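Just so it is clear, the model here is predicted, and its values are computed rather than measured. Values below: every heavy atom of this structure, side chains too, minus hydrogens, waters and symmetry copies. Every chain is numbered from 1, with letters handed out A, B, ... down the list of sequences.
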Amino acid sequence: MNKNIIDKKVRAKENKDFVDLTTKNEDWKYVPLQPDINNLELGENTNLETTDGFHVNTNGNTFNINQEVDGVVLTDLNDIATPVIDESIKRPVDKFLFQQITRATGGFRVDVNDNVVDYFKINFESEKNTIPYIGINVNKNKSAKFFMNFSDLVKSNIYPLIELYLDVNSNLELIIQATSSHEINLINSLYAKLEKDSGLSIHTVSTGGAFSRSRMDIDLIGNGSNFNIDGVYFGENKQVHDNRVFVNHLGQNTTSNMQTKGVLGDESTSIFTGTIHIAEGATKTESHQENRNILLSEKSSAQSVPNMEILCDDVICGHGSSVGPIDENLYHYVMSRGINKEKAEKLLIKGFFNEVINKDSWDIINSEVAAQLIKKYDNVFERSNNG
Amino acid sequence: MANIDIDLGKYSLGWSDPEKNAFKPEKGLNEDIIRKMSEIKEEPQWMLDYRLDAYKKFLKKPMPEWVAKEKLAALDFDDIYYYVKPAEEQTDSWDMVPDDIKETYEKLGIPQAERSYLAGVTAQYDSEVVYHKNREDLEKLGVLFCDMDTAVREYPELVQEYFGTVIPSGDNKFAALNSAVWSGGSFIYVPKGVHVEDPLQAYFRINAENMGQFERTLILVDEGASVHYIEGCSAPVYTTDALHSAVVEIVVKASGTCRYTTIQNWSNDVYNLVTKRAQAYGNATMEWIDANLGSCLTVKYPSVHLMEPGAHGEVLSVAFANSGQHQDTGAKMIHLAPDTTSLITSKSISKGGGRGAYRGLVRVEEGAETAKSFVRCDALILDDNSRSDTYPYMEIEESTAEIGHEATVSKVGEDQLFYLMSRGLSEEEATSMIVAGFVEEFTKTLPMEYAMEFNKLIEINMIEAGAVG
């Protein structure tokens with residue numbers, strides 16, 4: 001990243017100006033710090049001058065950055081002249097983010113100048129620990145679809161920094177799928193800034209990695225802008241899925257919807273922290289938030305913290321969250337139709353996820369995700385029977 | 001009809017009587033003050049040691065950073081009297097209570113007639129109890145109900161066994177402060193199988209400028225016993241900040257029931273930083289019913305540790321944050337045993353720039369099988385300057401536990417207002433009525449005269465800061 005941009009983002013601070021992050025820090029409260037987040041160990045030669053250790057492919061073909069595709073202009077990280085976003089309105093820069101900004105190992109900025117109808121797929125590949133940067137700028141009245149895929153090709157710890165800017169009346173649909181079967185840490189920071197009447201939809205699938213954390217800070221600045229996120233996660237072994245979504249309603253008539261559902265097996269843990277912040281004067285805001293967790297195994301656990309900060313009276317706002325085993329009544333309903341307990345459980349878990357993944361916007365990945373989730377379930381089931 | 005001239009600009013229960021204090025140490029806190037205080041109270045050595053140890057912990061503990069940082073920073077520990085002894089000695093006859101103190105209670109609405117209705121009145125005036133009388137039949141049942149200082153003297157074994165076991169002195173900075181300088185508060189012991197039919201009651205007031213009040217309450221409900229304790233607060237208006245930092249510890253043994261009701265209406269310059277915690281054993285029930293109307297900052301999360309199978313915890317909390325107020329209230333339920341259940345209902349109202357917050361924790365430890373908990377938070381925001389926050393933490397380590405949380409935030413519905421106003425009510429009256437309806441779940445748990453007083457307080461709060469916008 002260009003030195004001027006970095007300076008602006010980190011506000012002329014240096015590494016020594018930041019205190020170390022611990023579990024006493026509210027943002028990192030439930031993070032066992034498996035990765036040493038205070039001093040990220042990156043692959044060799046990882047500085048701003050090289051993209052070593054980080055590859056980006058689109059649609060399966062190695063993509064030559066700077067190459068032009070219809071309606072989309074890509075700029076290499078080192079050549080970016082203006083930042084996609086200066087800074088998030090609510091989130092201060094902490095030690096982790098500081099490292100992501102100053103030590104990004106490669107990446108690019110995408111400018112969407114024309115409508116992109118098909119998903120623009122970015123397959124991440126990595127051999128060495130890396131901080132990829134992806135900035136997406138959707139211009140006025142344009143719409144685009146992006147698919148960020150952290151598959152088995154990601155073999156090292158990866159700390160993506162993602163920035164999204166949606167200009168007036170633009171639209172962005174974004175799938176973030178993390179399915180890497182390697183024992184890696186995946187920690188991302190995502191910012192989005194939404195101008196008037198723009199819309200952002202994010203769909204997340206999180207089944208991979210050993211430790212997976214996603215933090216999203218969404219600023220709904222423009223009147224009438226709207227944000228949706230729906231996601232599924234499934235934990236097995238000692239996986240940790242940590243999802244944080246901070247939605248900051250600043251404009252009027254803005255809406256946001258969050259719905260995340262997860263199943264935790266073995267000794268896995270999930271964390272959900274969602275904060276709806278409605279600023280003073282952000283009238284006619286409508287915001288909903290839902291987080292549901294099923295605990296399958298004795299040693300699995302879930303932390304759910306759906307927060308609200310409301311500084312305005314003319315709003316409709318609500319949230320709900322739950323943690324527990326599958327409802328006994330549901331078992332009864334299914335089993336009374338002659339289905340045994342094992343099959344019933346599987347069926348009910350399918351149904352639990354279907355509420356999210358059967359939506360139209362999930363069409364492109366629906367069957368793949370459904371298979372993934374069932375595979376995870378089978379793994380957990382097998383282990384619990386053998387153990 | 002005669003015109004009644006009521007000055008609504010003044011805090012309705014805010015007056016102060018001339019101070020009459022026999023002993024008044026200097027502002028600020030040091031070991032000497034603690035030693036002197038303990039000496040005057042003729043306390044045993046263990047209590048002095050406990051105080052001094054707690055004082056060290058208080059000095060070490062940092063200020064909490066996660067709540068009302070700016071308001072807490074304005075709190076000057078050196079500008080507070082830590083112990084003020086009233087001139088009047090403790091009395092067991094209403095006639096011996098000095099007139100000015102009686103007047104105080106008259107204004108608070110505890111007329112003499114109420115004595116016969118209530119099981120016992122322990123009225124805390126300044127730091128020590130000035131009036132105390134138990135109804136005779138309570139004594140016959142073996143129920144002990146007295147102020148904490150008396151309990152330390154008269155029931156040392158019982159007190160020493162439980163004091164500081166539910167809330168250790170190093171629990172948090174304010175619990176440490178209370179442990180070091182506590183004075184007054186209630187002690188209740190209900191023996192096995194005894195049901196106290198009428199609520200026990202105590203009123204607390206702060207009556208010296210810049211005087212902190214650190215009452216300490218310990219309630220022990222033995223197996224199969226039950227009790228309902230009501231604590232009401234009302235303080236005179238002062239210009240400088242006062243600190244109220246209480247510690248309330250409750251132990252409910254197997255199959256016991258305890259309900260602790262608080263109506264907190266400190267004047268708007270009081271810091272109310274309180275630690276309240278209960279332990280509920282097998283099949284016991286603990287209910288915290290908590291209303292916060294006053295103070296400039298209240299930080300209070302009544303909690304229940306569900307220690308043994310079948311224990312049940314409940315918190316019903318109502319907070320009204322008016323102009324200049326920050327009500328940071330909530331509840332904590334810690335499930336430590338199988339088949340434990342809990343219910344949290346929180347209602348908050350923010351108005352005139354006030355800030356109401358629900359901050360809560362439901363924690364289910366591994367092994368607390370089939371624990372169930374439900375948390376419901378509703379918030380009303382009455383104007384655009386006010387703020388409502390919800391921070392519900394849920395930490396679940398047990399797969400068979402069922403935990404749910406629902407919350408809504410809304411304003412007073414225009415259709416509701418329209419409905420009431422079309423029947424001839426003014427907008428203020430209509431809004432008051434809707435707010436009273438919103439908190440009805442709370443009011444209906446109160447004895448009648450409390451419910452009436454509470455509704456009156458809500459009405460005063462609604463009207464005091466002018467029209468609802």
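Proximity to chain B (any heavy atom under 4.5 Å) is restricted, for A:Y30, to the side chain, taken from C-beta onward. Looking at B:E366, only its side chain comes within 4.5 Å of chain A, counting heavy atoms on both sides. Within the 4.5 angstrom heavy-atom criterion, atoms from both the backbone and the side chain of B:S388 approach chain A. At a 4.5 Å heavy-atom cutoff, the contact between A:E309 and chain B is made by backbone and side-chain atoms alike.
Of all the listed residues (A:S287, A:S321, A:G320), the one sharing the greatest number of non-hydrogen pairs under 4.5 Å with chain B is A:S321. When each of B:T400, B:T370, B:V412 is scored by its heavy-atom pairs under 4.5 Å with chain A, the top score falls to B:T400.
In terms of the side chain to side chain donor-acceptor pair (under 3.5 Å) criterion, B:T329 has no residue partners (sequence neighbours excluded).
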With a cut-off of 3.5 Å and sequence neighbours excluded, list every side-chain donor-acceptor pair involving residues 56-70 of chain B.
residue : atom : partner : partner atom : Å
B:K57   : NZ   : B:D53   : OD2          : 3.1
B:K57   : NZ   : B:S169  : OG           : 3.2
B:K61   : NZ   : B:G170  : O            : 2.9

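Residues of residues 322-332 of chain A placed with any heavy atom under 4.5 Å of a heavy atom in chain B are listed by number as A:S322, A:V323, A:G324, A:P325. For residues 401-409 of chain B, a heavy-atom distance under 4.5 Å to chain A picks out B:A401, B:E402, B:I403, B:G404, B:H405, B:E406, B:A407, B:T408, B:V409, given by residue number.
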**Report entry** Working for side-chain contact (heavy atoms from CB on, under 4.5 Å), residues A:S301 and B:I396
**Finding:** CA-CA 5 Å; A:S301 62; B:I396 317 302; 5.7 Å; no
Query raised in the report: Going through the distances and angles, do B:S399 and A:S297 end up as a side-chain contact (heavy atoms from CB on, under 4.5 Å)?
Result: CA-CA 6 Å; B:S399 63; A:S297 318; 5.8 Å; no
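Atom CG of B:L382 sits about 8.0 Å away from atom CG of A:D313, to the nearest 0.5 Å. Once rounded to the nearest 0.5 Å, the distance linking CZ of B:R387 with CD1 of A:I278 reads 11.0 Å. In this structure, NZ on B:K411 lies 14.5 Å from SG on A:C317, to the nearest 0.5 angstrom. Here CG of A:L295 is found 9.5 Å from CD of B:E397. Values are rounded to the nearest 0.5 Å. Interatomic distance, CD1 of B:I381 versus CD1 of A:I310, reported as 6.0 Å (0.5 Å rounding).
Residues B:Y391 and A:N307 approach most closely at CA-OD1, 3.0 Å, considering heavy atoms. Of all heavy-atom pairs between A:K29 and B:E395, the closest is NZ-OE2, 3.8 Å.
Other residues, nucleotides and ligands contribute over 12 non-hydrogen atoms within 6.0 Å of the NZ atom of B:K71. With a 6.0 Å radius and a threshold of 12 heavy atoms from other residues, nucleotides or ligands, A:E298 has its CD atom at or below the threshold. In B:E414, the CD atom is not crowded: 12 or fewer heavy atoms of neighbouring residues, nucleotides or ligands sit closer than 6.0 Å.
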